[in-house]
J.: 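One structure, as structure tokens, below. Some questions next.
Small disclaimer: the values here were computed from a predicted structure and weren't measured.
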Amino acid sequence: MASDPIYAFCLPWHLTSSAAFHEIFIEPLGKYVNIEPVAWDGKSWDKKMSFDRPMIFLQWPPHPILLQAEARMIWVPMWDQVSRRLPMQWWEKLPKTIKIISFSHVITQRAKHFNLPVAEAKYFPDPVHFKDISSSAHRVLFYWNRTGIINPDFLERLCSALNVQVLIFRDHLDPGISQSARYDLPSKIGNTTVETVKGPLSRQEYLEFLSRSNIYIAPRIIEGVGLSFIEAMTQGSLVLGYHAATMSEYIEHKKTGYLFRTFHLSARNFFPMTIRYAIPQIIRIMNKKKNAFFHVITAYQNWKEIAGLDVGRIGRECRSECIEGFRKWERQIPQIAGFILRG
């Protein structure tokens, strides 16, 4: 593309350790906008940087730029970054000149509430690249222990409820997650054969394991986009996830996936749930060791409902929704490109 590049400032790991930034942003928008990713530490800033074109930030833009009236800033916040750190009062103080590209409806709502210019995006991958797994009668569950959201006992109970023949257990924590979140599994739990995959995988190796599974556990309790579980949905897997964004924005409960119960869903039952399911886990942690890990998704689930899930039907419905979602995403891309260029 002949036009001058628009720089997209991101942390180094966005370029070296994660495929998400390329998949959801650089590649699709590259047909319309000459975007050049730049590794940035999220703090320092070259004061000589020109403001003759828009600048895209995946992290919060540096303070010196916020003070420049002529700066054309586009911020791409991820919900997992901003949900816990930025209170509503903070959003209220944002300069009205900053433009936001939102990959979560929660962020879109906040931006609109404070009259910030926002373009909403809902990413879906091209289903052509994912073989339809929904008709498979052999039940294979994929769980990537990235953040320790569930414990081995929960996994065994889930495999039993869904009559899982094979569990692909990826044992590889995300950077920054305590090692106390990891655990080993035996070669068999109940009637389920366990296939443990350790260490890092190439993108192709990961997709090969994914393509074998028709049940998938979304591996985090909060997502920026959620590339891993969206890809599983696209191939027609039954995806089970924590009831929070962005899982709850893609999964329609019991229609295109399943959302696990969480404590906040019923204030009336908060204390009974805590006493029955959370406090015993806390006591076990205290009795074992100080750095033991608290697994967020507890056994407080409707196991009869989970056991009755029609894996094939939900998978087919899910893939159909993702095919339509990709068509909508394709229509959004030029609109988002225009939003950037008008910056």
Side-chain angles (χ1 to χ4, degrees), residues 19 23-24 122-145 150 154-170 185 188-197 201-219 223 225-243 246-260 301-330:
E23 294 283 339
I24 72 171
K122 191 169 185 179
Y123 170 79
F124 284 89
D126 188 343
V128 169
H129 302 308
F130 296 87
K131 182 182 177 182
D132 185 354
I133 195 74
S134 62
S135 60
S136 175
H138 192 61
R139 295 194 174 183
V140 179
L141 187 153
F142 190 124
Y143 174 55
W144 176 2
N145 188 26
I150 56 179
F154 186 100
L155 262 180
E156 182 173 357
R157 189 166 183 181
L158 183 65
C159 288
S160 175
L162 290 172
N163 295 315
V164 172
Q165 281 90 42
V166 176
L167 165 63
I168 300 174
F169 176 63
R170 186 178 180 194
L185 291 179
K188 206 169 185 66
I189 53 173
N191 294 321
T192 302
T193 299
V194 178
E195 183 178 334
T196 297
V197 182
L201 296 174
S202 69
R203 171 79 172 151
Q204 188 56 42
E205 288 171 332
Y206 167 76
L207 290 175
E208 287 174 3
F209 280 110
L210 178 66
S211 68
R212 291 173 47 200
S213 62
N214 56 353
I215 306 172
Y216 187 90
I217 301 173
E223 285 285 3
V225 178
L227 185 63
S228 63
F229 82 81
I230 297 170
E231 288 177 337
M233 292 179 72
T234 301
Q235 72 173 13
S237 294
L238 163 63
V239 174
L240 306 101
Y242 191 75
H243 198 296
T246 58
M247 286 73 67
S248 57
E249 297 178 5
Y250 281 84
I251 296 172
E252 185 175 347
H253 187 52
K254 295 191 290 185
K255 181 182 178 185
T256 61
Y258 191 86
L259 296 168
F260 289 125
Q301 307 297 328
N302 187 334
W303 291 104
K304 184 177 180 180
E305 183 176 76
I306 291 173
L309 293 174
D310 188 330
V311 175
R313 180 192 62 77
I314 293 175
R316 289 188 294 274
E317 185 75 30
C318 180
R319 181 167 172 86
S320 177
E321 290 286 327
C322 288
I323 290 171
E324 180 57 31
F326 177 69
R327 295 192 186 108
K328 292 178 180 178
W329 165 241
E330 284 192 306

J.: Are side-chain heavy atoms of Y206 and W144 found at a separation under 4.5 Å?
T.: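 Answer yes - side chains close enough.
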J.: Is the side chain of T234 donor-acceptor paired with the backbone N or O of C322 at a distance under 3.5 Å, no angle test?
T.: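 Not at all, since once roles are kept as given, no pair shorter than 3.5 Å links the two residues.
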J.: Taking all atoms of both residues into account, what is the closest heavy-atom pair of M247 and G241, and its distance?
T.: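 Nearest heavy atoms, M247 then G241: CG-CA, 4.4 Å.
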J.: Atom CZ in R139, atom CD1 in I215: separation rounded to 0.5 Å?
T.: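 That separation rounds to 5.5 Å.
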J.: Which heavy-atom pair separates I306 from A161 by the least distance, and what is that distance?
T.: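 Scanning both residues completely, I find the closest heavy atoms to be CG2-CB, 4.3 Å.
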J.: So T256 and Y250, do their side chains get closer than 4.5 Å, heavy atoms only?
T.: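 Sidechains of T256 and Y250: no contact.
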J.: Donor-acceptor check, side chain of R319 to backbone of S134, threshold 3.5 angstrom: yes or no?
T.: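 Not confirmed, R319 side chain does not pair with S134 backbone.
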J.: What distance separates K188 NZ from L167 CG, expressed to the nearest 0.5 Å?
T.: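 It comes to 11.5 Å.
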J.: Does the side chain of Y143 reach to within under 4.5 Å of the side chain of F154, using non-hydrogen atoms?
T.: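 A side-chain contact is absent here, since even the closest heavy-atom pair is not under 4.5 Å.
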J.: Please step through side chain to side chain contact (heavy atoms under 4.5 Å, CB included) for the pair C159 and I189, ending with a clear verdict.
T.: CA-CA 8 Å; C159 288; I189 53 173; 4.2 Å; yes
J.: Starting at NE2 of H243, measure out to NE2 of H253 and round the result to the nearest 0.5 Å.
T.: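 Between atom NE2 of H243 and atom NE2 of H253 there are 7.0 Å.
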J.: Please answer whether the main-chain N or O of I168 pairs with a side-chain N or O of E195 as donor and acceptor at a distance below 3.5 Å.
T.: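 Here the side-chain-to-backbone pair does not exist.
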J.: Can you name the side chain to side chain contact (heavy atoms under 4.5 Å, CB included) partners of K255, sequence neighbours left out?
T.: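 Per chain and number, K255 pairs via side chain to side chain contact (heavy atoms under 4.5 Å, CB included) with E252, E317, E321.
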J.: Distance-only, no hydrogens or angles: does the Q235 side chain make a donor-acceptor pair with backbone N or O of S213 under 3.5 Å?
T.: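 Judged by distance alone, yes, a pair lies under 3.5 Å.
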J.: After noting the C-alpha distance and the side-chain angles of S160 and W303, does the key distance pass the side chain to side chain contact (heavy atoms under 4.5 Å, CB included) rule?
T.: CA-CA 10 Å; S160 175; W303 291 104; over 6 Å; no
J.: With a 3.5 Å cut-off and no angle check, do the side chains of E305 and Y258 form a donor-acceptor pair?
T.: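 Looking only at side-chain atoms, Y258 and E305 do form a donor-acceptor pair, the distance falling under 3.5 Å.
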J.: Please find the pair of heavy atoms, one from L238 and one from G257, that lie closest to each other, and give the distance.
T.: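 Smallest heavy-atom distance, with atoms named: CD1-CA, 4.0 Å.
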J.: Given R170 and F209, is the side chain to side chain contact (heavy atoms under 4.5 Å, CB included) satisfied, shown in steps?
T.: CA-CA 9 Å; R170 186 178 180 194; F209 280 110; over 6 Å; no
J.: Rounded to the nearest 0.5 Å, what separation is found between the CD1 atom of I314 and the CE atom of M233?
T.: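 These two atoms lie 10.5 Å from each other.
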J.: Quick one: does E208's side chain get under 4.5 Å of L201's, heavy atoms only?
T.: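 Counting from C-beta outward, E208 and L201 never come under 4.5 Å.
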J.: Going by distance alone, is a donor N or O of one side chain under 3.5 Å from an acceptor N or O of the other, for E249 and T246?
T.: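 The answer is no; no qualifying pair exists.
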J.: Distance check, rounded to the nearest 0.5 Å: S237 atom OG versus L210 atom CG?
T.: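 Taking OG in S237 and CG in L210, the distance rounds to 6.0 Å.
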J.: How long is the straight-line distance from CZ of F169 back to CD1 of I217, given to the nearest 0.5 Å?
T.: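 With rounding to 0.5 Å, CD1 (I217) is 10.0 Å from CZ (F169).
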J.: Let me see the working for E156 and L185 under side chain to side chain contact (heavy atoms under 4.5 Å, CB included), right down to the final yes or no.
T.: CA-CA 10 Å; E156 182 173 357; L185 291 179; over 6 Å; no
J.: Answer whether the closest heavy-atom distance between the side chains of L227 and I230 falls below 4.5 Å.
T.: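 The answer is no, as the side chains (C-beta and beyond) never meet within the 4.5 Å cut-off.
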J.: Is there a donor in the side chain of Q204 and an acceptor in the side chain of S202, or the other way round, less than 3.5 Å apart?
T.: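 Side chains of Q204 and S202: no pair found under 3.5 Å.
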J.: Apply salt bridge (Lys or Arg N to Asp or Glu O under 4.0 Å) to the pair E324 and R327, showing each step before the final yes or no.
T.: CA-CA 5 Å; E324 180 57 31; R327 295 192 186 108; 3.0 Å; yes
J.: Taking S211 for its side chain and K131 for its backbone only, find out whether a donor-acceptor pair lies under 3.5 Å.
T.: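 No: the side chain of S211 does not pair with the backbone of K131.
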J.: Are there over 12 heavy-atom neighbours, none belonging to N191, within less than 6.0 Å of that residue's CG?
T.: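 No, the 6.0 Å shell around CG holds no more than 12 heavy atoms from other groups.
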J.: For the backbone of V140 and the side chain of N214, can you confirm whether one donor and one acceptor N or O come within less than 3.5 Å of each other?
T.: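 Flag set: sc N214 to bb V140 pair under 3.5 Å.
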